[in-house]
Each structure stands twice: as structure tokens, then as C-alpha cells.
Amino acid sequence: MREGYQGTGPGAITPDGCAVELYSRLPVGDEPDIITAAVPAGARILELGSGVGRMTHPLLERGFTVTAVDESPEMLDRVRGARTVCSPIEDLDLDETFDVVMLASFLVHAGDEEVRRGLLGTCVRHVAEGGYVLIQREGEDYHTDLPRERVDPSGFTTRILSAEPVGGGVDSVRAEYVFPDAIWTQTFRSRPLTREQFEEALAEAGLKVDRYLTEDRIWVRAVKR
């Protein structure tokens, strides 16, 4: 388990506190549509932090070729139809490039700045010239509008319970997922980033914002500087 990360509930728990069974149950949102509209048809995508393939599988159905990377073998066991690579993202070096590199799940907000630099370095190392890096950021009120909950139409409830400062600009965030037959929790460390701080982090890595893809600026398309 990574320092500051924890998960509870049935089934395998990954080093960052994610429950494999939970992520197998979570529905697909509008992310595949956002991605499809932002990249060339049939692009080769390197998906960093794929988990069980919640976005991988819809992207495959849309005609993309996906290489799914995750540090959890239990997560990757659930992925079908894609090449899979088991590795921490920050250590990845495949010696090849892709049309699109995708860093979703708010991973860019890693509490450890060296980990964040490693994540973005992996993006830069693997994106082809003229290619895109797609990044999912946290919403601007994610650490302040708490506690909050959302009841999914399928019948489960997601709660973000707290975000407690632990020093150095990092919060310990606690989330809870309540299903009729099971409850999972995850505690993880996250560094809030203003738009300016986010763009500075990209610049440090050799990237720049090409376009914010959603009105809330959660999804971003970046290119090499």
C-alpha cells in the first residue's frame, strides 16, 4: 500500500486503495464520448491507470487500439481485448510512442510532487510528435464543497466525506461507496491545483494546454511545448 492510501471492503485492494470489485461495478460516464471527440479516429491510445477497463472497453468498441497500463494485476485481469502492461505509471518506459496518452482518474493531483513529475514525464516520453495528452483534473470545488454525495440511477451512492490537510498543500481525502450489498471506502492523498498551478506543472514537464475539452475544465487536451 502506498503511504497515505487505504481501502476497505470486499475483494482485492490495490496499492492506492482502490477496490477491484468496486471499480468493476462503476458505470461508464461520458468520458469515452469526450475522448472520442478530442482525438483522431482509430488512434493508438496509451491509457495510464486503466483499472478494470471501465474506459478501455468503450474505447475499443469505438475503434481505437488501446494499451492499458496499471500497477495492479488484479485490475488488469478484468481488461478484455486490449494489450495490458502491469507497471507503476511513473516507471513505465515502453520504448514506443502513441497518438494519444491518457492520464485520467485525477492522477495528476498525486500528493507527492515527484510522483506527479514521474506521471507527466511518462506522458511526454510516450506521446508521438503531433500527438495529444489527455488529462482529467479535479473540479475546482472538489476539496471544499464537502461532504457531498451523489445517488447513481443504478442504485448506489458515492460520498466524498472529507478532505483534511496533511501538510505541504496536500489533503487526505476519504470517499465512501455504498451499494445495497456492500460498502467500500478509499482514503487517498490529493494535491489541489488551481488552473495556474496545473498549467505550471504541465510546463515543467514540457507540455502545454491545447484546449480545455469541457466547460468545467476537468478534461484537458495537452501537447508538447
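Just so we're clear, the structure is a prediction, and the values are computed from it rather than from any experiment.
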Measure from NZ or CZ of Arg137 to the centre of the six-membered ring of Phe106 and say whether it is under 6.0 Å with the direction within 45° of the ring axis. no
Do the numbers put Arg148 on top of the ring of Tyr142, so that NZ or CZ is under 6.0 Å from the six-membered ring centre and no more than 45° off the axis?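 Relative to the ring axis of Tyr142, which defines the angle, Arg148 lies inside both limits.
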Any side-chain heavy atom of [X] within less than 4.5 Å of one from [Y]?
X	Y	result
Tyr132	Asp210	yes
Arg78	Ser24	yes
Arg221	Val133	no
Glu149	Thr158	no
Val170	Pro165	no
Met102	Leu48	no

To the nearest 0.5 Å, what is the distance between [atom1] on [X] and [atom2] on [Y]?
X	Y	atom1	atom2	value
Gln186	Cys18	CD	SG	4.0 Å
Glu114	Leu119	CD	CG	11.0 Å
Met55	Leu60	CE	CG	12.5 Å
Asp70	Ile89	CG	CD1	7.0 Å
Ile45	Thr67	CD1	OG1	10.0 Å
Met1	Thr187	CE	OG1	10.0 Å

Using only atom types and a distance under 3.5 Å, with no angle test, would you say the side chain of His126 pairs donor to acceptor with the backbone of Thr97? no
Below 4.0 angstrom, N of the basic side chain to O of the carboxylate: do [X] and [Y] qualify?
X	Y	result
Glu71	Arg2	yes
Arg44	Asp99	no
Glu47	Arg83	no
Arg117	Glu204	yes
Glu140	Arg217	yes
Asp33	Arg62	yes
Arg150	Asp152	yes

Could you tell me whether Asp95 atom CG has more than 12 heavy atoms of other residues or ligands within 6.0 Å of it?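 It does not: Asp95 CG has 12 such atoms or fewer within range.
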For [X] and [Y], does a side-chain donor sit closer than 3.5 Å to a side-chain acceptor?
X	Y	value
Glu164	Ser162	no
Ser190	Glu138	yes
Thr185	Thr8	yes

Using ring centroids (six-membered ring only for Trp), state whether Phe156 and Phe179 fall under 6.0 Å. yes
Worked check of side-chain contact (heavy atoms from CB on, under 4.5 Å) between Thr65 and Phe98: CA-CA 10 Å; Thr65 300; Phe98 297 80; over 6 Å; no
Decide side-chain contact (heavy atoms from CB on, under 4.5 Å) for Val220 and Leu134; before the verdict, give the C-alpha distance in whole Å, the side-chain angles of both, and the deciding distance to 0.1 Å. CA-CA 6 Å; Val220 187; Leu134 301 187; over 6 Å; no
